[in-house]
Protein chains: 2
Amino acid sequence: MISRDKHNRMANAIRFLSMDAVEKANSGHPGLPMGAADVATVLFSRYLKFDPKSPLWPDRDRFVLSAGHGSMLIYSLLYLTGYEDMGIEDIKQFRQLGSKTAGHPEYGHASGIETTTGPLGQGIANAVGMAIAERKLEEEFGSDLQSHFTYVLCGDGCLMEGISHEAIALAGHLKLNKLVLFWDDNNITIDGVVGLSDSTDQIARFKAVHWNTIAIDGHDPDAIAAAIEQAQKSDRPTFIACKTTIGFGAPNKAGTHKVHGSPLGAEEIAATRKALNWEAEAFVIPDDVLSDWRAAGERSKDAHKAWEGRLAATEAGKKAEFTRRFAGDLPGNFDAAMDAYKKKLADAPPAVATRKASEDALEVINGILPETIGGSADLTPSNNTKTSQMKSITPTDFSGRYMHWGIREHGMAAAMNGIALHGGLIPYGGGFMIFSDYCRPSIRLAALMGIRVIHVLTHDSIGVGEDGPTHQPVEHMSALRAIPNLLLFRPADAVETAECWQLALEEKHRPSALALTRQNLAPARKTYEAKNLCATGAYELVPADNAKVSIFASGSEVELALKAAETLAQKGVATRVVSVPCFELFYDQSEDYQKKIIGTASVKIAVEAAVRQSWDHIIGSDGAFVGMHSFGASGPAKDLYKHFNITAEAIVAAAEAKLA
Amino acid sequence: MISRDKHNRMANAIRFLSMDAVEKANSGHPGLPMGAADVATVLFSRYLKFDPKSPLWPDRDRFVLSAGHGSMLIYSLLYLTGYEDMGIEDIKQFRQLGSKTAGHPEYGHASGIETTTGPLGQGIANAVGMAIAERKLEEEFGSDLQSHFTYVLCGDGCLMEGISHEAIALAGHLKLNKLVLFWDDNNITIDGVVGLSDSTDQIARFKAVHWNTIAIDGHDPDAIAAAIEQAQKSDRPTFIACKTTIGFGAPNKAGTHKVHGSPLGAEEIAATRKALNWEAEAFVIPDDVLSDWRAAGERSKDAHKAWEGRLAATEAGKKAEFTRRFAGDLPGNFDAAMDAYKKKLADAPPAVATRKASEDALEVINGILPETIGGSADLTPSNNTKTSQMKSITPTDFSGRYMHWGIREHGMAAAMNGIALHGGLIPYGGGFMIFSDYCRPSIRLAALMGIRVIHVLTHDSIGVGEDGPTHQPVEHMSALRAIPNLLLFRPADAVETAECWQLALEEKHRPSALALTRQNLAPARKTYEAKNLCATGAYELVPADNAKVSIFASGSEVELALKAAETLAQKGVATRVVSVPCFELFYDQSEDYQKKIIGTASVKIAVEAAVRQSWDHIIGSDGAFVGMHSFGASGPAKDLYKHFNITAEAIVAAAEAKLA
């Protein structure tokens with residue numbers, strides 16, 4: 001039992017580390033760590049199952065700081081509980097270039113940071129994904145190996161963001177009872193009091209989506225403890241509304257927005273030291289407090305040891321599988337299966353939409369990879385994401401492998417991030433490509449974190465047809481290619497689709513998105529090649545000696561490029577065709593390779609039913625572009641291609657105009 | 001009074017037009033129009049205040065079909081009630097290229113379409129914006145001129161999308177009592193039943209955000225009427241949950257997802273004709289039914305006439321102002337005021353952040369333009385969007401002109417669209433540029449619709465500093481430039497900021513976004529120029545005869561370009577500098593102008609603290625680029641510029657390397 005006095009001193013350690021680090025950096029957010037210190041202290045010193053000496057223990061409880069601006073809360077906790085890679089020097093380097101202690105918690109910078117947060121609301125949805133992963137893996141491997149809680153701390157901003165609705169509605173629906181959400185209810189936002197813009201009854205709101213709800217004084221350790229214990233027993237996810245004072249302890253600024261995002265200033269810090277009876281200098285933690293915190297960090301050592309014992313006693317095959325899954329390695333027979341599938345395709349190259357080709361590839365993949373968890377944002381029959389192996393996950397049965405995410409692209413993408421971060425599973429999820437805009441913040445975070453999530457973006461151009469411009473991606477190809485570290489694949493046929501899927505799955509440290517057609521395409525690759533030609537991002541599909549014209553195309557427009565090249569060749573114009581399934585991988589290649597692929601033909605033409613922007617680097621500003629120059633329109637797809645002049649004839653004409 | 005039988009026949013007219021049009025197009029969504037026909041019939045035949053002969057009557061009730069896939073509902077209503085530009089031939093052309101009857105309702109295609117919908121949830125937030133505009137204009141011009149309801153019809157998808165939470169929480173907070181939301185509660189989504197992914201108690205959810213709530217049988221005209229009447233008297237916005245059967249009337253497919261997004265097929269349509277006792281052929285409306293509907297379309301004629309009378313009797317100045325505001329024209333003294341401001345700037349060019357320069361420009365603008373309604377997504381002190389003229393709007397007082405949108409970028413952007421669509425006001429709203437991702441779907445729709453909304457996007461690069469990569473835009477500049485019809489401005493100093501604001505306000509048919517710095521910038525323009533140099537999108541800031549080097553830059557990097565040019569000139573290298581505040585406007589210019597600005601210097605360098613993608617068109621693939629090649633990092637801004645090698649020295653080095 002931790003006495004009230006001991007608790008207070010432990011919580012104050014967080015407060016002073018936070019305000020002193022912000023003061024030293026002259027930048028940052030002291031208000032949240034000071035206000036939420038009591039909640040965090042009770043959780044970390046009495047309940048959270050974690051081992052700072054083994055930060056990746058697969059069965060640890062997950063803790064997510066959704067209100068990422070309060071990053072000093074988590075850095076303080078990591079230092080205090082004894083994570084070896086978080087020393088006091090790191091705390092002093094808060095917000096400095098190259099430090100582990102970035103302005104917002106950055107996944108990968110230090111152990112114990114479970115996800116990158118800052119863009120508000122994301123952490124809640126990440127945590128929903130983690131809780132889904134836990135439940136799924138417990139179902140698969142048993143509670144001996146997987147049985148942990150996911151805790152998440154959020155602020156008012158997280159709850160105002162729309163993504164929070166998507167995440168909590170889903171969590172309530174799925175009855176994710178090991179998910180616990182603390183709300184740092186401090187009534188303050190940047191503009192002032194919450195009442196300036198919101199008057200939501202959050203308890204009623206969470207009840208409406210079937211959560212267990214508790215409201216407490218967030219500075220009362222007994223109440224916090226009782227709430228956590230109640231939450232742990234709940235058959236539904238639990239929302240704990242913790243009434244707190246932002247900047248708790250600062251005598252003149254606490255409870256106001258002045259303490260939210262600015263240093264307190266030397267004077268106020270001195271006054272806080274007096275008010276909280278804290279005599280230690282900045283960055284010095286009194287021995288008794290540090291030793292109490294280090295003891296808290298050792299609290300789960302035995303539980304961890306017991307878990308290791310259970311893992312060791314697990315049947316060898318299951319143990320190996322569990323270990324492989326958390327290492328993120330693919331099974332040894334994966335490549336062979338994909339190779340066999342490619343051979344099969346070469347036997348009878350199908351003329352199918354790439355969304356259908358993706359389904360066929362997934363049928364192979366999901367048969368070999370038990371770790372895939374598929375899903376769609378309510379477009380299953382359109383995205384073709386559900387294969388024969390995939391039974392739907394339901395609130396009462398997690399033995400399935402398919403998520404009906406609902407019409408919640410943003411929540412889906414952020415929860416997929418959470419699943420990937422949790423480990424043990426590879427999430428893929430479907431949506432219309434146009435709606436990549438709805439979940440762009442989460443796709444970006446996946447790229448920033450370098451995690452393996454795969455977005456299946458079907459209906460990738462005006463090929464959508466009658467649904468019209470609101471449903472036709474035009475700028476999305478370039479906009480997604482602009483995101484660093486994201487692999488956007490746009491395969492041209494069934495073989496390329498298989499190759500792109502293989503690359504996406506083999507890439508452990510980058511997210512992928514596959515842009516796929518609604519409409520059928522003629523096969524571009526008709527002979528078997530052992531090599532994954534898509535791996536270099538761009539490759540020559542049709543070579544030509546002394547080419548006068550190079551045509552670069554992706555996806556559905558490769559078919560047009562091939563036809564145009566044929567016509568040009570018949571007219572005696574030596575023409576190459578380069579398929580460009582992935583810009584990011586192409587730019588990974590050596591300069592020599594890139595030069596070779598771009599080639600020396602005097603006429604360069606890019607063809608894509610999308611805006612030109614990303615192609616300029618390949619064709620130059622004097623290259624010709626056959627593609628979109630505006631939004632699309634509603635009409636049958638064939639009419640649209642003609643109307644917007646994206647045809648083999650247009651390519652030929654563009655080539656001839658340039659040659660003239 | 002409309003008898004039950006008459007009502008049924010009127011509703012069935014919608015059903016048959018919808019199913020027959022979808023059948024003819026062999027594409028579309030019959031389920032919603034058939035299910036919601038009763039609700040729409042009661043609303044349009046008995047309550048909605050509208051005049052098909054004068055579709056832009058400023059005091060009409062607004063009707064938004066948020067579930068835009070059910071577009072045949074609105075097309076049917078427009079035809080039946082007698083909008084002159086919606087004939088039966090238009091209905092027959094449903095979903096054909098060039099028709100008014102696009103797959104989803106497209107603003108501007110036909111009168112009576114108040115907004116473009118389709119991306120789910122947007123319409124709810126548009127309607128919130130319309131209701132805000134009505135309340136604000138009623139406050140300003142009195143209820144004689146402005147006093148109308150805003151009705152919106154949504155489906156399950158709209159309510160699952162996160163944006164719905166942002167919109168309804170704000171509407172409840174603001175007590176928008178003239179807003180009425182019908183929920184077409186048909187329990188069906190594309191994947192199957194709603195229960196696959198959601199179990200939200202929607203009534204409880206809306207109560208939690210302080211709405212008036214009513215649940216009814218959506219096929220009972222009396223219940224629908226009673227609910228509308230109750231809603232009209234409410235002091236809060238009203239949510240009417242209408243239990244309906246999707247595809248109502250189709251004997252074999254109603255109530256299933258088969259009827260959601262596919263034609264019914266000839267057989268089922270025949271069966272429906274029999275079941276609903278409808279003998280007319282496809283696209284033929286029996287005379288009695290058409291005449292009842294046309295009478296419904298004339299219902300508000302007198303109200304409209306009375307309103308015209310009140311407008312005519314209005315004091316001349318107020319009347320002129322009301323008329324000007326709804327015409328969207330700026331006041332005559334606007335240009336002179338901006339010109340005077342530019343002169344003042346030239347007297348003492350300030351070295352300020354462009355976010356501060358924006359505030360200063362707004363101080364002038366808001367003094368001249370009473371129609372601006374400002375706001376921020378809870379970043380008022382960071383976005384500098386609130387000027388001295390702007391009192392906050394509160395639930396009980398709409399005399400202010402400033403919206404605290406809360407931490408709701410998506411809801412804000414979509415509601416701003418609604419304000420602009422409503423007319424009478426010009427909305428601008430602030431956010432961090434990074435969070436343009438959170439509201440990208442609404443920015444895109446503004447561009448697609450061609451409406452005047454202005455986004456103030458501050459903290460536009462690694463200049464953000466310590467907040468780190470989650471808060472530093474890198475790909476956003478290119479990603480926003482990729483959206484057709486959107487003016488992304490990135491001004492370099494106070495003068496350019498004023499010019500860009502002027503352009504954004506003068507542009508009636510395109511939305512704008514201003515990318516603004518957090519950090520101070522040296523002035524780039526120190527002398528007064530009457531001409532708005534930013535109007536051509538790019539212009540020569542430093543000319544040079546026989547230039548060897550052209551440096552192109554925007555925003556904060558213009559300062560670096562100027563320094564580098566000075567150094568190069570000192571070294572004897574003739575160097576031009578081109579400021580590029582707006583790509584979209586630059587590409588609007590003649591080819592000659594573009595060529596002249598790009599120039600003939602052998603070395604072209606672009607400088608922007610963002611990814612290269614959008615610059616390739618100007619500098620070509622062999623140009624040099626000084627900018628970002630990855631995500632940013634956390635640290636003081638100056639350290640980051642150095643670390644990422646975005647400095648005057650780096651530009652000089654790049655030039656010399658290319659010249660060597």
Side-chain angles (χ1 to χ4, degrees), chain A residues 27 95-97 102-104 118-120 157 160-163 165-166 169 173 189-191 196-201 204-205 208-209 378-380 404 406-408 410 437-438 440-441 448 466-470 475 478-479 482-484 611 613-614 616-617 620-621 630-631 633-635 639 643, chain B residues 27 95-97 102-104 118-120 157 160-163 165-166 169 173 189-191 196-201 204-205 208-209 378-380 404 406-408 410 437-438 440-441 448 466-470 475 478-479 482-484 611 613-614 616-617 620-621 630-631 633-635 639 643:
Chain A
S27 168
R95 290 187 158 231
Q96 302 312 301
L97 184 56
H104 292 82
L120 293 176
M160 283 200 219
E161 291 287 0
I163 189 175
H165 170 62
E166 300 183 19
H173 174 70
T189 70
I190 289 175
D191 274 10
L196 279 172
S197 58
D198 193 47
S199 46
T200 300
D201 178 343
R205 178 189 171 200
V209 289
D378 194 51
L379 289 167
T380 300
H404 293 279
I407 299 134
R408 303 183 180 108
H410 203 176
D437 277 352
Y438 270 71
R440 203 170 152 87
L448 178 58
E466 291 87 348
D467 273 348
T470 57
E475 72 277 25
S478 283
I483 298 178
V611 300
Q613 194 185 88
S614 46
D616 278 316
H617 197 71
S621 36
S630 67
F631 290 110
S634 171
D639 296 355
H643 174 72
Chain B
S27 169
R95 292 188 157 228
Q96 301 312 300
L97 184 56
H104 292 81
L120 292 177
M160 283 200 220
E161 291 286 0
I163 189 174
H165 169 62
E166 300 184 18
H173 174 70
T189 70
I190 290 175
D191 274 11
L196 278 173
S197 58
D198 193 47
S199 45
T200 300
D201 179 343
R205 176 189 172 203
V209 289
D378 195 50
L379 289 168
T380 300
H404 294 280
I407 298 134
R408 302 183 181 108
H410 204 177
D437 276 352
Y438 270 69
R440 204 171 152 86
L448 178 58
E466 291 88 347
D467 272 349
T470 55
E475 72 277 24
S478 284
I483 299 177
V611 301
Q613 192 177 266
S614 46
D616 278 316
H617 197 69
S621 36
S630 68
F631 290 111
S634 172
D639 296 354
H643 174 72

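Chain naming here is simple, since letters A, B, ... match the order of the sequence lines and numbering starts at 1 in each.
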Original post:
Which of these, Glu161(B), His165(B), Met160(B), sits in a side chain to side chain contact (heavy atoms under 4.5 Å, CB included) with Glu166(A)?
Top reply: Glu161(B)
**OP:** Salt-bridge test for Arg408(A) and Asp378(A): reply yes if a basic N is under 4.0 Å from a carboxylate O, no otherwise.
**Re:** no
Can you tell which of [options] has the highest number of heavy-atom pairs within less than 4.5 Å of chain A?
options	value
Gly635(B), Pro484(B), Gly620(B), Gly118(B)	Pro484(B)
Thr470(B), Thr200(B), Leu379(B), Ile163(B)	Thr470(B)
Val209(B), Leu196(B), Leu120(B), Asp639(B)	Leu196(B)
Arg440(B), His404(B), His173(B), Glu475(B)	His173(B)
Ala479(B), Ala482(B), Ala169(B), Gly406(B)	Ala482(B)

**OP:** Identify which part of Ser630(B) has an atom lying under 4.5 Å from any heavy atom of chain A, answering side chain, backbone, both or neither.
**Re:** backbone
Original post:
Quick one: what part of His104(B) sits under 4.5 Å from any heavy atom of chain A, side chain, backbone, both or neither?
Top reply: both
Original post:
So which of Ser478(A), Ser199(A), Ala204(A), Gly468(A) has the largest heavy-atom pair count under 4.5 angstrom toward chain B?
Top reply: Ser199(A)
Of all the heavy-atom pairs spanning [X] and [Y], show the shortest one and how long it is.
X	Y	result
Phe631(B)	Ile483(A)	CZ-CG2, 4.1 Å
Tyr438(B)	Pro119(A)	OH-C, 3.2 Å
Ser27(B)	Arg95(B)	OG-NH1, 2.7 Å

